[in-house]
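Computed from a predicted structure; not experimentally measured.
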Amino acid sequence: MDDRLLAHLRIVMLTKMRNHEPFSLSWRVDPSQGSGRETLWVHPSIALRFRFYGSRPPVINRAWLELMVEAANRGDLRIMPEPGAAGELLPDR
């Protein structure tokens, strides 16, 4: 995943873990890799590592962050398209 997506996920995931709130993280699998969906269970007791390839932190899109937080608070953080990106619609809530 790209640094921009990872930066947003990192904020949401670390906030949930800091509050001792387990959750799942889900994403769609690209058809070139067999399609479907994958889900991970994330618990505050597990170690996580976030590796960024760029040297500059991306600008945070507050609307995207809020959508991710809402999903995480429902128990299933989802990798979703960034709202407002060219040709992209707001994801289903």
Side-chain angles (χ1 to χ4, degrees):
M1 69 183 63
D2 67 28
D3 281 1
R4 183 160 181 77
L5 171 59
L6 186 58
H8 287 77
L9 286 172
R10 179 179 173 267
I11 291 168
V12 176
M13 294 175 76
L14 292 179
T15 299
K16 296 293 284 180
M17 294 177 81
R18 190 177 307 116
N19 293 327
H20 305 284
E21 299 172 359
F23 59 95
S24 62
L25 171 63
S26 299
W27 62 92
R28 293 183 194 272
V29 177
D30 189 74
S32 67
Q33 297 179 359
S35 72
R37 282 185 51 156
E38 289 194 35
T39 300
L40 294 174
W41 179 246
V42 182
H43 190 275
S45 65
I46 65 167
L48 285 180
R49 178 179 172 206
F50 298 91
R51 182 175 182 190
F52 295 89
Y53 290 94
S55 60
R56 295 183 187 162
V59 174
I60 298 301
N61 177 332
R62 194 136 195 75
W64 198 14
L65 196 59
E66 288 172 5
L67 289 170
M68 289 182 177
V69 167
E70 288 175 14
N73 287 341
R74 288 190 308 268
D76 189 24
L77 174 58
R78 294 171 187 251
I79 294 178
M80 58 185 68
E82 181 173 3
E88 305 244 346
L89 300 174
L90 286 175
D92 294 335
R93 289 187 183 192

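- Both Ile79 and Leu48 belong to a common hydrophobic cluster when Ile, Leu, Val, Met, Phe, Trp and Tyr are linked at side-chain heavy-atom distances under 4.5 angstrom.
- Grouping the Ile, Leu, Val, Met, Phe, Trp and Tyr side chains by contacts below 4.5 angstrom, directly or via other members, places Met17 apart from Trp41.
- For Glu21, the salt bridge (Lys or Arg N to Asp or Glu O under 4.0 Å) partners at least two apart in sequence or on another chain are Lys16.
- Residues Ile46 and Leu9 are members of one and the same hydrophobic cluster, defined by side-chain heavy-atom contacts under 4.5 angstrom among Ile, Leu, Val, Met, Phe, Trp and Tyr.
- Under a hydrophobic-cluster definition in which Ile, Leu, Val, Met, Phe, Trp and Tyr are linked whenever side-chain heavy atoms come within less than 4.5 Å, directly or via other members, Leu67 and Met1 are assigned to the same cluster.
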Please output the side-chain donor-acceptor pairs of residues 27-34 that fall under 3.5 Å, not counting sequence neighbours, one pair per line with the distance.
{"residue": "Asp30", "atom": "OD2", "partner": "Ser32", "partner atom": "N", "Å": "3.0"}
{"residue": "Asp30", "atom": "OD2", "partner": "Ser32", "partner atom": "OG", "Å": "2.3"}

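- Asp2 and Leu5 get closest at one heavy-atom pair: OD1-N, 2.8 Å.
- Pro58 and Ala7 get closest at one heavy-atom pair: CG-CB, 3.6 Å.
- For the pair Phe50/Leu14, a side-chain contact is recorded, criterion being any heavy-atom separation below 4.5 Å from C-beta on.
- One finds the CE atom of Met13 at 14.5 Å from the NE2 atom of His8 (value rounded to the nearest 0.5 Å).
- Atom CZ of residue Phe52 and atom CZ of residue Arg4 lie 12.0 Å apart, to the nearest 0.5 angstrom.
- Here the closest heavy-atom approach between residue Leu6 and residue Arg51 is recorded as CD2-O, 3.2 Å.
- With values rounded to the nearest 0.5 angstrom, Ile60 atom CD1 is found 3.5 Å from Ile11 atom CD1.
- From Ser24, atom OG reaches atom CD of Glu38 across 13.0 Å, with rounding to the nearest 0.5 Å.
- Distance check, rounded to the nearest 0.5 Å: CG of Asn61 to CD of Glu66 gives 9.0 Å.
- The two atoms that bring Arg37 and Ser26 nearest to each other are NH2-CB, 2.9 Å, heavy atoms only.
- Taken to the nearest 0.5 Å, the CG atom of Asp3 stands 11.5 Å off from the CZ atom of Arg10.
- Checked by atom type and distance alone, the side chain of Trp64 never pairs as donor or acceptor with a backbone atom of Gly84 at under 3.5 Å.
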